[in-house]
There are 2 protein chains.
Amino acid sequence: MSQPSPRLAAIVATARTILENHGREGLTMRALAARLGMQAPSLYKHVADKDELEALLIADALREMGTALRASLDGLGPRRPARRTAVAALAKGYRAWALAHPHPYRLATEGTLPRDRLPVGLEAWTAAPLVEVAGDEDRARAIWAFAHGMTILELDGRFPGGADLDAAWDRGVAAFA
Amino acid sequence: MSQPSPRLAAIVATARTILENHGREGLTMRALAARLGMQAPSLYKHVADKDELEALLIADALREMGTALRASLDGLGPRRPARRTAVAALAKGYRAWALAHPHPYRLATEGTLPRDRLPVGLEAWTAAPLVEVAGDEDRARAIWAFAHGMTILELDGRFPGGADLDAAWDRGVAAFA
DNA sequence: GTCTATAGTGGGATAGAC
DNA sequence: GTCTATCCCACTATAGAC
C-alpha cells in the first residue's frame with residue numbers, strides 16, 4: 001500500500017467539495033482543475049481517468065458511512081442492545097449521514113459500484129455493522145433495501161410534502177425488529 | 001382532454017422501444033428521429049422539448065405499473081385477502097414489472113418526478129393499490145421504500161452474486177404483514 | 001508536473017425555406 | 001410538418017513543448 005501523493009489527496013479533497021456543492025454532474029474535470037488553479041489536462045498526470053477519480057470519492061464515502069454506522073452503535077453504550085434498539089440506531093445514523101451528504105451518498109449508492117477500483121474488503125466493512133445487528137444476511141439485505149429506499153425517495157422528493165417520514169421510518173424499524 | 005395526434009403516439013411508442021433497448025442515455029432526439037425516418041429538428045413540431053417526451057414516457061410507465069399492481073390483486077380472487085397475502089402479491093407484481101421493464105422503471109422512479117407535466121391524479125392512482133392494502137400511509141410508504149430499494153439495488157447489481165433475493169423479499173413482506 | 005492546443009464525441013435546440 | 005443548415009454547448013482525453 002503506497003501512500004497517495006499529497007497532490008492527489010488535494011485533488012480528491014477538492015473534488016469532494018465540488019461534489020458536495022454541485023452534485024455529480026457539477027463535477028467535471030474542467031471545474032475541478034479550475035478550482036485547483038490548473039488546467040484540466042494536468043489532472044491526468046495524477047489520475048488515469050474520471051472513473052478513477054469517482055472511485056476514490058466512492059471509497060471515501062463508504063469509509064465515512066461505515067464510520068458513521070459504528071458511531072451510531074457506540075452511542076448505545078457498552079452493553080449489547082436489543083435488536084430493535086440497534087436497528088433504530090443504525091437507521092438513524094444512516095439517514096443522518098445521507099441527508100448531510102446527499103451527493104456523496106448518491107455517488108456511493110446509485111448505479112454500478114466500481115468494485116475493481118475499490119480497496120478490497122471496503123464494501124463488506126461498510127455493511128458489517130448492519131449484518132451483525134440483523135443476525136443474518138437476508139434480513140440485513142431487506143433492512144438495507146428499506147433504508148436505501150426511504151433515503152433515496154426522500155432525496156428525490158418522491159414523498160408528498162406533508163408526509164411524516166419519521167413515522168414511515170419508525171414503521172420500517174419496528175417491522176424489522 | 002384533447003386526444004394526442006397519431007403522429008405523437010407513434011413518436012412516444014418508438015421512444016419507448018429505444019428506452020427499453022438502450023436505456024435513458026440511449027434515448028436521444030437524434031436516435032429517435034432516425035428510427036422514425038425523420039430529422040431530429042422535426043420532432044420539435046410535436047414535442048416542446050426532450051423533457052416533455054420523457055414525461056410522456058413516465059406517464060406511460062406509471063399507468064402500466066398501476067395496472068400491473070391491480071392485476072396482482074385481482075389474481076387473488078374475489079374474497080378480501082389477508083394483508084400479508086395482499087402485500088406479497090403486490091410485491092411480486094411490482095418486482096416482476098420492474099425486472100421486465102428495467103429502463104422504464106428507472107425513468108419513472110429515479111430522480112425528480114416532473115409532476116407539472118403528468119396527468120393530474122396519475123401518481124396517486126398508481127400508488128392506490130398499495131395504500132389500500134397497507135391500511136395507512138405511513139406503512140404504505142415504508143413498504144414502497146422497501147420494494148423500491150430491493151428493486152433498484154437488484155437492477156444496479158448491488159447484491160452479491162450468490163444472494164438469495166427471493167429470501168430477502170420474503171423477509172420484507174413478512175416484516176410488513 | 002504543468003502548460004497550450006486540439007482532437008473527437010455527443011448532445012439539445014433554433015432559423016428559415018419548402 | 002418536414003427539411004437543411006447550423007449553432008451552441010459541454011465533456012473526456014491525448015500530443016507534445018517546456
Side-chain angles (χ1 to χ4, degrees), chain A residues 2-59 103-104 106-107 110-114 116-118, chain B residues 2-59 103-104 106-107 110-114 116-118:
Chain A
S2 59
Q3 292 298 322
S5 73
R7 198 85 185 91
L8 177 57
I11 289 171
V12 174
T14 301
R16 170 64 178 261
T17 300
I18 295 174
L19 177 65
E20 295 266 11
N21 294 336
H22 304 286
R24 186 177 192 162
E25 69 171 17
L27 180 59
T28 68
M29 298 303 272
R30 291 172 191 213
L32 175 57
R35 182 129 185 176
L36 286 160
M38 55 173 21
Q39 299 299 317
S42 304
L43 291 169
Y44 291 87
K45 294 290 182 182
H46 303 273
V47 169
D49 52 29
K50 195 187 178 185
D51 284 348
E52 183 177 317
L53 178 66
E54 289 191 342
L56 291 169
L57 290 168
I58 291 170
H103 294 299
R106 287 179 188 278
L107 184 65
E110 288 188 316
T112 302
L113 192 67
D116 297 348
R117 311 185 92 151
L118 295 180
Chain B
S2 60
Q3 293 296 324
S5 73
R7 197 84 186 94
L8 177 57
I11 289 171
V12 174
T14 301
R16 169 64 179 260
T17 300
I18 295 174
L19 176 65
E20 295 264 10
N21 294 335
H22 304 286
R24 185 175 195 164
E25 69 170 17
L27 180 60
T28 68
M29 299 302 273
R30 290 170 202 253
L32 175 57
R35 183 129 185 176
L36 286 161
M38 58 181 357
Q39 298 300 317
S42 304
L43 291 170
Y44 292 87
K45 294 291 182 181
H46 303 274
V47 169
D49 52 27
K50 195 186 178 185
D51 284 349
E52 183 177 317
L53 179 66
E54 288 191 342
L56 291 168
L57 289 169
I58 291 171
H103 294 301
R106 287 179 187 278
L107 184 66
E110 289 188 314
T112 303
L113 193 67
D116 296 349
R117 312 186 90 151
L118 295 180

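In what follows, chains are A, B, ... by sequence order, proteins preceding strands, each numbered from 1. The structure displayed is predicted, hence computed values, not measured ones.
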Whole-Å distance, A:E52 CD to D:dA13 C1', equals 14 Å
note: B:Q39, atom CD; C:dG12, atom P; distance rounded to Å ~ 15 Å
Whole-Å distance, B:M29 CE to C:dT14 C1', equals 13 Å
Rounded to whole Å, CD1 of B:I11 lies from C1' of D:dT2 at a distance of 11 Å
When rounded to whole Å, the NE2 to P distance for the pair A:H46 and D:dA13 reads 15 Å
When every non-hydrogen atom of A:L27 is compared with those of A:K50, the smallest separation belongs to O-NZ, 2.8 Å
B:L53 atom CG is separated from C:dG11 atom P, nearest whole Å, by 14 Å
Considering only heavy side-chain atoms of B:M38, the closest of D:dC3, C:dT2, C:dT4 is D:dC3
Heavy-atom nearest pair, A:L57 first then A:V12, reads CD2-O, 3.8 Å
Separation of D:dC11 atom P from A:D51 atom CG, nearest Å, is 16 Å
Whole-Å distance, B:L43 CG to C:dT14 P, equals 13 Å
Between B:K50 and B:K45, whichever has its closest DNA chain C nucleotide further toward 5' is B:K50
When rounded to the nearest 0.5 Å, the distance separating NE2 of B:H103 from CD of B:E110 is 11.0 Å
Heavy atoms of A:R7 and A:L36 approach each other most closely as NH2-O, 4.5 Å
Exercise for review: Give one of base, sugar-phosphate or nothing for B:R30, where a contact means two heavy atoms less than 4.0 Å apart.
Suggested key: base
Assert: residue with more 5' nearest nucleotide on DNA chain D, out of B:S42 and A:Y44, is B:S42
